[in-house]
S.K.: 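Mind having a look at this structure? Questions to follow.
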Amino acid sequence: MINSQPLKYTLLLLLCAACTFSKGQKKQEQNKQKQEQVKEQVVPIVGKEQEVKKIFKSKTDYIATNFNFPVGKPNAKGYYNSQVFGENNHLGDDWNAVTGGNSDLGDPIYTIANGYVNFAEDIGGGWGKVIRIWHQKPNGKIVESLYAHCNTILVTKGQYVKIGQKIATIGNADGQYLAHLHLEIRADINLPVGSGYAINKKGYIDPTKFIKENR
């Protein structure tokens, strides 16, 4: 009688080798896909900044030469910053009327500088109505301002705006909070809307500090 055990072991070894090779191939394919995804992510970032600059190329009167506060223009008179940038990992500033409560519900929100509206929608959730505006400084640097929890939106995507122009009114995200304006300024214009809070603040700028430095 022929002993079949060595044959079984040989077959088992061959199967294990094939399985290992298959896993190795799969991992190589996954790594290749990841590399391709990274490449795809890098190309649009450069392209987006160039596209934004084209938006302002023929509209030089909309270059952001200076910045003001978004409420109580130009110096936030009658308002206070109730949660500053960095507090509790906050990515922006929360502006409330000094009169408290919902007393500022419906108060005007002004764009902080000349710019171009790239987003104006009600996205629901904890954000409510949101406006995002690109600003190009005289040195070519581009930043983005974001205005959240709006009660009404008074601008549309694709619209150019001037500093101090009324773009919205203060809201409470359909009653989720007491009325206030959540303002963010981003150095990275490719960031998503986000969560409003994060330990990693890369790409975000302290709004009050930035405005004071660019009056």
Side-chain angles (χ1 to χ4, degrees), residues 44-81 83-86 90-95 107-121 123 127 129-171 180-194 196 198 201-215:
I45 287 173
V46 177
K48 189 172 185 179
E49 290 181 348
Q50 293 305 315
E51 285 301 313
V52 174
K53 287 183 178 180
K54 286 179 183 177
I55 288 171
F56 292 100
K57 191 172 182 180
S58 61
K59 296 281 187 179
T60 54
D61 51 331
Y62 286 95
I63 297 294
T65 55
N66 63 301
F67 291 75
N68 286 332
F69 287 94
V71 290
K73 70 173 184 181
N75 300 315
K77 184 178 180 180
Y79 294 83
Y80 72 103
N81 190 353
Q83 187 172 208
V84 301
F85 179 82
H90 198 220
L91 296 175
D93 287 339
D94 281 347
W95 287 100
D107 281 4
I109 298 171
Y110 308 102
T111 182
I112 60 172
N114 296 345
Y116 176 88
V117 179
N118 70 82
F119 185 93
E121 292 182 25
I123 60 174
W127 283 101
K129 297 181 178 71
V130 175
I131 299 171
R132 300 174 69 170
I133 299 177
W134 288 323
H135 310 279
Q136 182 175 317
K137 298 176 69 179
N139 63 3
K141 181 177 174 59
I142 298 163
V143 297
E144 181 183 60
S145 57
L146 178 148
Y147 313 76
H149 316 322
C150 303
N151 190 45
T152 56
I153 292 177
L154 305 174
V155 290
T156 57
K157 181 179 178 180
Q159 181 178 340
Y160 290 89
V161 290
K162 285 285 190 178
I163 185 171
Q165 181 176 330
K166 185 178 176 180
I167 58 171
T169 58
I170 292 176
H180 70 280
L181 167 66
H182 174 82
L183 172 74
E184 292 181 9
I185 299 181
R186 288 109 173 268
D188 182 352
I189 63 171
N190 300 282
L191 291 169
V193 171
K201 297 175 182 59
K202 184 178 180 182
Y204 293 86
I205 301 171
D206 181 332
T208 294
K209 183 180 178 184
F210 179 84
I211 290 170
K212 285 181 176 179
E213 290 175 349
N214 291 274
R215 298 307 297 271

S.K.: Is Thr156 close to Val117 at the side-chain level, that is, under 4.5 Å between some pair of heavy atoms?
M.R.: no
S.K.: Could you state the interatomic distance from CD1 (Ile109) to CD1 (Ile170), rounded to the nearest 0.5 Å?
M.R.: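 Answer rounded to 0.5 Å: 5.5 Å.
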S.K.: Calculate, to the nearest 0.5 Å, the distance between atoms CD and CD belonging to Gln136 and Glu49 respectively.
M.R.: 10.5 Å
S.K.: Is there a side-chain contact between Thr111 and His135 in this structure, where contact means two heavy atoms from C-beta onward sitting under 4.5 Å apart?
M.R.: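 Counting from C-beta outward, Thr111 and His135 do come under 4.5 Å.
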S.K.: Does some side-chain heavy atom of Lys166 sit less than 4.5 Å from a side-chain heavy atom of Leu154?
M.R.: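 The answer is yes; the side chains approach within 4.5 Å.
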S.K.: Does any non-hydrogen side-chain atom of Val84 lie less than 4.5 Å from one of Asp93?
M.R.: yes
S.K.: Rounded to the nearest 0.5 Å, how far does OH of Tyr147 lie from CD1 of Ile153?
M.R.: 12.5 Å
S.K.: Can you classify the ring geometry of Phe56 versus Tyr116 as parallel (below 30°), tilted (30 to 60°) or perpendicular (above 60°)?
M.R.: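 Because their plane-to-plane angle is over 60°, the rings of Phe56 and Tyr116 count as perpendicular.
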S.K.: Quick one: pull up CZ in Arg132 and CG in Leu146 and give me the separation to the nearest 0.5 Å.
M.R.: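 Result: 6.0 Å between the selected atoms.
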S.K.: Work out which heavy atom in Trp134 is nearest to a heavy atom in Glu144; give both atom names and the distance.
M.R.: NE1-OE2, 3.5 Å
S.K.: Show your working on side chain to side chain contact (heavy atoms under 4.5 Å, CB included) between Lys53 and Ile142 and close with a plain yes or no.
M.R.: CA-CA 8 Å; Lys53 287 183 178 180; Ile142 298 163; 3.6 Å; yes
S.K.: Just wondering, are more than 12 heavy atoms of other shown residues or ligands nearer than 6.0 Å to NZ in Lys212?
M.R.: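 At most 12 heavy atoms, drawn from other residues, nucleotides or ligands, come within 6.0 Å of this atom.
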S.K.: Report yes if the side chains of Phe85 and Ile185 come closer than 4.5 Å at any heavy-atom pair, otherwise no.
M.R.: no
S.K.: Let's go through Leu181 and Tyr79 carefully: what are the C-alpha distance in whole Å and the side-chain angles of both, what is the deciding distance for side chain to side chain contact (heavy atoms under 4.5 Å, CB included) to 0.1 Å, and is it a yes or a no?
M.R.: CA-CA 10 Å; Leu181 167 66; Tyr79 294 83; over 6 Å; no
S.K.: Between Ile211 and Leu183, is there a side-chain heavy-atom distance shorter than 4.5 Å?
M.R.: yes
S.K.: Can you give me the closest heavy-atom contact between Gly164 and Tyr110, atom names plus distance?
M.R.: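 That closest heavy-atom pairing would be O-CD2, 3.1 Å.
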S.K.: Distance check, rounded to the nearest 0.5 Å: Ile123 atom CD1 versus Glu121 atom CD?
M.R.: 8.0 Å
S.K.: Is it true that a side-chain atom of His149 and a backbone atom of Trp127 form a donor plus acceptor pair closer than 3.5 Å?
M.R.: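 Here the side-chain-to-backbone pair exists.
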S.K.: Say you draw a straight line from CD of Gln83 to CG of Asn81; how long is it, rounded to the nearest 0.5 Å?
M.R.: 8.5 Å
S.K.: Can you check whether Lys77's main-chain N or O pairs, donor with acceptor, with Asn75's side chain at less than 3.5 Å?
M.R.: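 A pair under 3.5 Å: no.
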S.K.: Do Tyr160 and Asn114 come close enough that some side-chain heavy atom pair is under 4.5 Å?
M.R.: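 No - every pair of side-chain heavy atoms lies 4.5 Å or more apart.
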S.K.: Ion pair present between Glu51 and Lys48, side-chain N to carboxylate O less than 4.0 angstrom?
M.R.: no
S.K.: Would you tabulate the side-chain donor-acceptor contacts of residues 57-69 under 3.5 Å, counting partners in other chains and residues two or more places apart, or write 'none'?
M.R.:
{"residue": "Asn68", "atom": "OD1", "partner": "Arg215", "partner atom": "NE", "Å": "3.2"}
{"residue": "Asn68", "atom": "OD1", "partner": "Arg215", "partner atom": "NH2", "Å": "2.9"}

S.K.: Please determine whether the number of non-hydrogen atoms from other residues, nucleotides or ligands lying under 6.0 Å from atom NZ of Lys157 exceeds 12.
M.R.: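 Open: at most 12 neighbouring heavy atoms sit under 6.0 Å from NZ of Lys157.
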S.K.: Provide the closest heavy-atom pair for Pro207 versus Glu184 in the form atom of the first, atom of the second, distance.
M.R.: CG-CA, 4.3 Å
S.K.: Please examine the side chains of Ile133 and Val155, heavy atoms only from C-beta on, and report whether any two atoms are closer than 4.5 Å.
M.R.: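 Counting from C-beta outward, Val155 and Ile133 never come under 4.5 Å.
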